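These notes are about the structure you will find just below.
Nothing here was measured: the structure is a model prediction, and the numbers come from that model. When a residue number appears, it is its place in the shown sequence, counting from 1.
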Amino acid sequence: MADIRDIGLSAALNILGAISFLLAFTFLRLQPINDRVYFPKWYLKGARESPSHGGTFVRKFVNLDMHSYLKFLSWMPAALKMPEDELISHAGLDSAVYLRIYLVGLKIFAPISILAFSVLVPVNWTNDTLEFSKVQHNNIDKLSISNIPVGSKRFIAHLSMAYVFTFWTCYVLLREYEIVAQMRLRFLASEKRRPDQFKVLVRNIPPDPDESIGELVEHFFLVNHPDHYLTHQVVFNANKLAKLVKEKTKMQNWLDYYQLKFERNASKRPTTKTGFLGCFGAKVDAIEYYKSEIEWIENEEAEEREKIVKDPKSVVPAAFVSFRSRWGAAVCAQTQQTSNPTVWLTEWAPEPRDVYWDNLSIPFVSLTVRRPTIKSFIQGFLPGIALKIFLILLPTILMFMSKVEGLTSISSLERRSASKYYIFIFFNVFLASIIAGSALEQLKSYNHQSANEIPRTVGVAIPMKATFFITYVMVDGWAGVAGAILRLKPLVIFHLKNFFLVKTEKDREEAMDPGSIGFDSNEPQIQLYFLLGLVYAVVTPFLLPFILIFFGFAYVVYRHQIINVYNQEYESAAAFWPSVHGRIITALIISQFLLLGLLSTKGAGQSTPVLLVLPVVTFYFHKYCKNRYEPTFVKCPLQEAMKKDTLERAREPGFDLKGYLMNAYIHPVFKGDDDDEKFSIVDEPEAEQVLVATKRQSRRNTPVPSKYNSSDSSSLPEIVNDQRL
């Protein structure tokens, strides 16, 4: 069991490791040859050029200005200098709000740490319970609740602090929820026109024997949204084509590599093997081989494109529907379209960068089957294999599971993966470490006492696991964050690509890997620190300063990364905040129940009614926040939509909205094609058209119900006559 000297040594080693990473980062970021690795965001924005130095050839690769090395910590104040409004304009609201998670940690735990060390540490330290017990302990354990004798009145201090910590945490969360909600509303109100503000994603379109998907969509929305429907864009199943395009890109990269290799040494033609990974099979001329492979893929690609255009089965039962105003889109996205709630499902379209195209073709019935299957797999099978899988691979596996569930946007995929990852961390890192670790450490004590005494020994031993988590915070939180800013992997990969593949400036830009926040893997790890801090705030306050250092250090590091490095793939306007809030609330309730269980082993059973109030209050606080603020992150207020529509019509009365929306939601594999108009939106219907044209034989110009659709649909002339009356 680690004592204060072990913790001190571990702290020294981790601080030394963090400083080493920071010094390496300071040196590498100043070298001109690494500029695209440590400042890629500015290159992508076109606001930075490769450093050019006059003089010797060496200056193009190495910074010889000794004065710049003296300011090795200048990046820290520079990262904090940019105001939040400018940060939102520069990196987006998602990035700015993500940083607020670290600020919430500082706001919660800074006052809690002061109170805990002022009240609880003296109360715990001034006892000698552990000195006369058989439980293995150290000096750190004397600062914990384990050092309080059974049935002591000193537990009143811990109960009081539990109430104070709960109310303070709830207050901070309430204020932050309100601030983030206002930030989201201001961002959406001030944001420039975006295609997704006028688009609705329609899924599970029922098949019709007389009309194609495109005709059916146009017909349905002309009838049911006659004043606001503008046009639509059907979705093609281009998954096979996307794989061909991806394979051709890979082959093209190999061809470029071997051509560049041949240019450098024209005396010898490069060769490769046709088998697995180029290590097996017949040896052939590499350039000719990859040219033939690319030619074959191009023929397959052309055939697949032609098939998509001509085959009606290539059109999936989904479409992006455009409206003349934000108000019209909001009404459609937030209402049920027919009496059958399983068809014509509408939701806000993700922004074009956020669409996950592979899942748009999944039918509604399949979605309902997939999600319980994934849930059962996670609960029944995953825990058994999770510990055998490298933790670094787990986010990828969880992301794959989320994709199987059929979510249609990258942001929703990341939020769902983050939820799964948090569950894994809670059970396999937090609970497993406490239960298994404490049991093993106290095994000798268990062997020499009766079965009735074991629960009490476990209750005393659980706080002692704080030393393990202190070490974990230092390794993962301190040295890990410092390692993140070093970007060693992107650095190596960039220089390998730069040496072997890059021939033009465009190639060099594509070789950059700015990365992104990685919400699906990073946010659950942050939540672990909230969980540890809230659980051990009352139990072992000595852990809190280590948590505080993590939140402060990580805030500075990731603010620097967001400003200079990360290029966020999408903008969800902080749609993830309800999930962040909910997980912190979960951690708070868990800490309350764990404290309740711990005190029950300490002869403080009379405190149970007092402590039971806390989770009840916290739960109803969460319900209040959910009802008060969460709709802001899910729905668009019609008042705000109408306000923005009115302002835009006054400022730009002749704006061509249809032209603006024309190609916004074309599958990426079709963008840039000469025939991309085949996949763009359909012609706009005439505004003065009264009857809706249809191919149905049973009723002309009326929306007859499909045999697959139970919704009632009256004759359009009847509807028009009723409206005129």
Side-chain angles (χ1 to χ4, degrees), residues 192-205 212-218 221 229-249 252 297-298 300-324 326 329 332-333 345-362 403 406-413 510 567-572 655-685:
K192 296 180 180 179
R193 183 186 292 109
R194 284 194 341 194
D196 53 289
Q197 297 170 346
F198 302 88
K199 290 270 190 178
V200 171
L201 173 59
V202 184
R203 303 185 71 189
N204 211 41
I205 300 170
S212 66
I213 294 294
E215 294 166 339
L216 187 59
V217 170
E218 180 183 29
F221 284 94
Y229 169 72
L230 176 62
T231 185
H232 72 275
Q233 195 170 345
V234 296
V235 178
F236 295 91
N237 186 352
N239 293 349
K240 182 179 178 181
L241 179 59
K243 292 179 181 178
L244 290 172
V245 172
K246 184 178 180 180
E247 182 67 18
K248 186 177 75 170
T249 302
Q252 187 64 50
I297 294 175
E298 285 177 343
E300 290 287 313
E301 184 181 338
E303 292 179 7
E304 183 65 21
R305 288 177 185 272
E306 191 69 19
K307 177 183 177 182
I308 291 174
V309 172
K310 295 182 178 180
D311 188 1
K313 295 181 180 179
S314 297
V315 180
V316 303
F320 290 99
V321 180
S322 302
F323 290 82
R324 300 178 185 276
R326 295 175 182 82
C332 179
L345 306 177
T346 57
E347 60 185 88
W348 278 107
E351 68 159 327
R353 297 177 300 170
D354 195 17
V355 177
Y356 188 69
W357 294 91
D358 292 357
N359 282 351
L360 290 178
S361 59
I362 300 175
K403 290 177 180 178
L407 300 172
T408 58
S409 66
I410 299 173
S411 57
S412 60
L413 284 170
E510 292 177 352
N567 185 45
Q568 192 65 3
E569 297 177 357
Y570 58 83
E571 177 59 62
S572 69
F655 182 76
D656 181 14
L657 183 60
K658 184 191 173 186
Y660 173 72
L661 299 173
M662 177 69 70
N663 297 324
Y665 282 86
I666 291 181
H667 195 291
V669 298
F670 300 130
K671 289 186 177 179
D673 291 348
D674 294 335
D675 58 344
D676 59 0
E677 65 273 5
K678 297 177 183 178
F679 309 100
S680 60
I681 58 179
V682 299
D683 293 334
E684 180 180 0

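- Judged by distance alone, the side chain of H232 and the main-chain N or O of G214 form a donor-acceptor pair under 3.5 Å.
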Where do Q233 and I666 land on the side chain to side chain contact (heavy atoms under 4.5 Å, CB included) test, with the steps shown first?
CA-CA 8 Å; Q233 195 170 345; I666 291 181; 3.3 Å; yes
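- Not counting sequence neighbours, the partners of K310 by the salt bridge (Lys or Arg N to Asp or Glu O under 4.0 Å) test are E306.
- Between the CD atom in E300 and the NZ atom in K243 there is a gap of 14.0 Å [rounded to 0.5 Å].
- In this view, E247 and K250 satisfy the salt bridge (Lys or Arg N to Asp or Glu O under 4.0 Å) rule, not counting sequence neighbours.
- Shown here are the side chain to side chain contact (heavy atoms under 4.5 Å, CB included) partners of R353, two or more places apart in sequence or in another chain: E351, E571.
- Here the straight-line distance linking atom CD of E569 with atom CG of N567 works out to 8.0 Å at 0.5 Å rounding.
- Side chains of W357 and V316 form no contact here, defined as non-hydrogen atoms less than 4.5 Å apart.
- By the ring-ring contact (aromatic ring centres under 6.0 Å, His included) test, W348 pairs with no residue at all, sequence neighbours left out.
- At least one donor-acceptor pair under 3.5 Å links the side chain of D354 to the backbone N or O of S411.
- At distances below 3.5 Å, not a single donor-acceptor pair connects side-chain atoms of Y665 with backbone N or O atoms of K199.
- Qualifying ring-ring contact (aromatic ring centres under 6.0 Å, His included) partners for F323, counting only residues two or more places apart in sequence or in other chains: H225.
- Taking 4.0 Å as the cut-off between side-chain N and carboxylate O, D196 and R194 count as a salt-bridged pair.
- Side-chain contact between V217 and V202: absent, with no pair of heavy atoms (C-beta onward) separated by less than 4.5 Å.
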For the pair L216 and I205, evaluate side chain to side chain contact (heavy atoms under 4.5 Å, CB included) and give the outcome as yes or no after the intermediate values.
CA-CA 8 Å; L216 187 59; I205 300 170; 3.8 Å; yes
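- Taking the side chain as every heavy atom from C-beta outward, V235 and H667 never approach each other to under 4.5 Å.
- A salt bridge links E301 with R305; the closest basic N to acidic carboxylate O contact falls under 4.0 Å.
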Full working for side chain to side chain contact (heavy atoms under 4.5 Å, CB included) between Y356 and T408
CA-CA 5 Å; Y356 188 69; T408 58; 5.7 Å; no
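- For V315, the side chain to side chain contact (heavy atoms under 4.5 Å, CB included) test picks out I213, V234, F236, with sequence neighbours left out.
- In this structure, R324 and L657 approach most closely via the heavy-atom pair O-CD2, 3.5 Å.
- Taken from CD1 in I308 to NZ in K240, the straight-line distance is 9.5 Å, to the nearest 0.5 Å.
- Put simply, the side chain of D358 never gets that close to the backbone of N239: no donor and acceptor are under 3.5 Å apart.
- In this structure, K307 NZ and E304 CD are separated by 5.5 Å, a value rounded to the nearest 0.5 Å.
- Within the 4.5 Å cutoff, the side chain of F221 has heavy atoms near those of the C332 side chain.
- Taking CD of E347 as the start and OG of S409 as the end, the distance is 7.5 Å to the nearest 0.5 Å.
- A distance of 11.0 Å separates CG in L360 from CG in L407, rounded to the nearest 0.5 Å.
- Between the side chain of S322 and the backbone N or O of L230 there is no donor-acceptor pair closer than 3.5 Å.
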